[in-house]
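Residue numbers start from 1 in every chain, and the chains themselves are labelled A, B, ... in the order their sequence lines are given, proteins ahead of strands.
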Number of protein chains: 2
Amino acid sequence: MKEERSKTESIILNAAKKVFIRKGYDGSRMQEIADEAGINKALLHYYFRNKDTLFDAIFLEAFASFIPNIGITIMSNIPINEKLKTIIDTYIDMLTANPFLPPFILQEINRNPQRIVGELQGRGLNPELFKKVLYSEIGAKSGKSIKPEHLMINIVSMCIFPFAAKPILMGFVFNHDEEKFNNFINERKQVIYEVIVKSLEI
Amino acid sequence: MKEERSKTESIILNAAKKVFIRKGYDGSRMQEIADEAGINKALLHYYFRNKDTLFDAIFLEAFASFIPNIGITIMSNIPINEKLKTIIDTYIDMLTANPFLPPFILQEINRNPQRIVGELQGRGLNPELFKKVLYSEIGAKSGKSIKPEHLMINIVSMCIFPFAAKPILMGFVFNHDEEKFNNFINERKQVIYEVIVKSLEI
DNA sequence: GTCTATATTGTGATAGAC
DNA sequence: GTCTATCACAATATAGAC
């Protein structure tokens with residue numbers, strides 16, 4: 001049985017999430033997290049031995065959100081284009097709810113790449129199996145077809161990149177108009193789905 | 001006339017580039033840059049007043065590489081699909097030569113978004129004009145067509161994202177096999193071009 | 001221009017009272 | 001559990017000799 005999480009612990013975790021996700025590990029200060037939580041540094045160290053421990057608690061949860069479990073969808077019994085539509089919707093919904101995740105995760109994953117090792121376990125993710133299933137299904141629809149790796153990476157690229165590069169897009173494309181960006185994202189599910197389906201020549 | 005850059009200054013800039021691009025501003029130490037350059041910290045400060053000054057010298061050049069001037073291509077007189085092919089090739093070539101740029105630029109742009117303001121000047125980039133040109137050319141080829149913003153962002157997303165998320169792909173898709181990743185990138189120019197062309201229903 | 005030494009401030013972490 | 005005070009060391013930056 002998991003211990004009940006104390007109220008203070010939750011406050012700390014929320015504050016740490018806010019700071020770490022916006023500034024990354026290197027850019028975050030224990031003092032700022034304490035301020036955000038309305039407590040002092042000593043209490044942070046009472047609940048979490050050190051900065052690394054606190055950061056790991058945040059990162060692991062964030063990373064889990066960032067890699068949604070699309071295995072159920074891929075292995076399900078619906079037509080391939082419905083699978084792809086579901087996967088795209090899943091990603092865009094996750095990103096709309098957590099727009100700051102992409103820069104945070106990409107930054108931290110590059111800072112400490114070996115953290116990835118073993119993150120697949122217990123999440124029902126088996127890329128080799130997914131590849132096989134996708135390969136048979138897109139091969140059945142079109143002649144010489146796109147490889148599953150390219151297909152999947154095309155999807156997540158088009159979903160995630162606009163959030164990772166938002167400040168660039170805001171400056172170069174949307175003229176610092178937040179509403180234009182939101183409209184763009186709202187159109188995106190449909191746009192990506194059409195691009196992907198056409199790429200399969202269904 | 002620009003002053004000639006001294007030998008030591010070049011050594012410092014090369015060292016700083018190496019460190020900053022791999023570790024970002026917050027993760028980099030002046031000491032590490034000095035070590036990398038084979039000099040001491042004091043000399044760094046002699047050539048560059050402080051960390052910020054040195055960083056800016058690196059960032060501005062890196063950012064310029066990261067945003068290739070595709071204006072010439074867009075405004076040129078060749079058919080739309082050749083324009084798109086040239087743009088894709090330009091990006092993939094830039095990224096192959098500088099695979100560490102995406103995580104670095106995305107990280108720093110999110111750390112300090114206002115740096116973008118005014119980065120367009122003097123680079124021949126006029127997004128509004130590009131939009132108009134692309135709109136007329138893709139509208140001429142297909143009926144109700146994809147918006148130019150989506151088209152362009154689809155291209156750069158599919159080009160850049162695999163480099164930004166390389167550690168994740170290495171872990172989840174390529175089983176930590178560097179050669180598989182390189183093969184994947186080699187296939188990518190053609191794959192992206194086909195996806196983009198099909199999305200235009202040409 | 002380049003170095004050693006040092007000042008100064010920032011930051012993670014701990015001691016100990018309450 | 002929570003706080004104040006403080007330690008120990010890391011990091012940017014400067015002074016001053018050569």
Inset, instruction - Could you tell me from which nucleotide to which nucleotide of DNA chain D, 5' to 3', there is an atom under 4.0 Å from chain B heavy atoms? - result: D:dA11 to D:dA15
Legend entry - Gap separating the CG atom of B:Leu60 from the CZ atom of B:Arg115, nearest 0.5 angstrom: 8.0 Å
Legend entry - Stepwise salt bridge (Lys or Arg N to Asp or Glu O under 4.0 Å) check, B:Lys85 with B:Glu82: CA-CA 5 Å; B:Lys85 174 112 198 77; B:Glu82 281 184 39; over 6 Å; no
Inset, instruction - Return the set of residues passing side-chain contact (heavy atoms from CB on, under 4.5 Å) with B:Lys51 (not counting sequence neighbours), or none when no residue passes. - result: B:Phe20, B:Tyr25, B:Arg29, B:Met30
Legend entry - Set of residues satisfying ring-ring contact (aromatic ring centres under 6.0 Å, His included) with respect to A:Tyr47, sequence neighbours excluded: none
Legend entry - Members of residues 19-40 of chain A that approach DNA chain D, where some heavy atom sits under 4.0 Å away: A:Ile39, A:Asn40
Legend entry - B:Pro102 to B:Phe66 - nearest heavy-atom pair and separation: CA-CE1, 3.9 Å
Inset, instruction - Could you check whether the rings of A:Phe59 and A:Phe63 sit parallel, tilted or perpendicular, using 30° and 60° as the cut-offs? - result: parallel
Inset, instruction - Look at the side chain of A:Asn175 and the backbone N and O of A:Asp177, then say whether any donor-acceptor pair between them is shorter than 3.5 Å. - result: no
Inset, instruction - Measure from the ring center of B:Phe104 to the ring center of B:Phe100 and say whether it is less than 6.0 Å. - result: no
Inset, instruction - Test A:Glu178 against A:Lys166 for side chain to side chain contact (heavy atoms under 4.5 Å, CB included), laying out the working first. - result: CA-CA 10 Å; A:Glu178 196 73 27; A:Lys166 179 173 173 182; 2.5 Å; yes
Legend entry - Close approaches to DNA chain C from residues 8-16 of chain B, in residue order (heavy atom, under 4.0 Å): B:Thr8
Legend entry - Terminal axes of the helix from C:dG1-D:dC18 to C:dC18-D:dG1 (five pairs each): angle between them, nearest 10 degrees: 10°
Legend entry - Residues that A:Pro167 engages under side-chain contact (heavy atoms from CB on, under 4.5 Å), provided they are two or more places apart: B:Ile109, B:Asn110, B:Pro113
Legend entry - With A:Asn40 via side-chain contact (heavy atoms from CB on, under 4.5 Å) - residues at least two apart: A:Ala42, A:Leu43
Inset, instruction - Report the residues that fulfil side chain to side chain donor-acceptor pair (under 3.5 Å) with B:Asn50, sequence neighbours left out, ordered by chain and then residue number. - result: B:Thr53
Legend entry - Most 5' of B:Lys41 and B:Ser6 on DNA chain C, judged by nearest nucleotide: B:Ser6
Inset, instruction - Can you sort out which residues in residues 45-58 of chain B have a heavy atom within less than 4.0 Å of DNA chain C? Ascending by number, please. - result: B:Tyr46, B:Tyr47
Inset, instruction - Any salt bridge (charged side-chain N to carboxylate O under 4.0 Å, His left out) involving residues 52-81 of chain A? Give me the pairs, sequence neighbours left out, ordered by first then second residue. - result: A:Lys17-A:Glu61
Inset, instruction - Run the salt-bridge test on B:Asp26 and A:Lys23 with the 4.0 Å N-O cut-off and return the result as yes or no. - result: no
Inset, instruction - Using side-chain contact (heavy atoms from CB on, under 4.5 Å) as the criterion, list what pairs up with B:Lys83, not counting sequence neighbours. - result: B:Thr73, B:Ser76, B:Ile78, B:Val133, B:Glu137
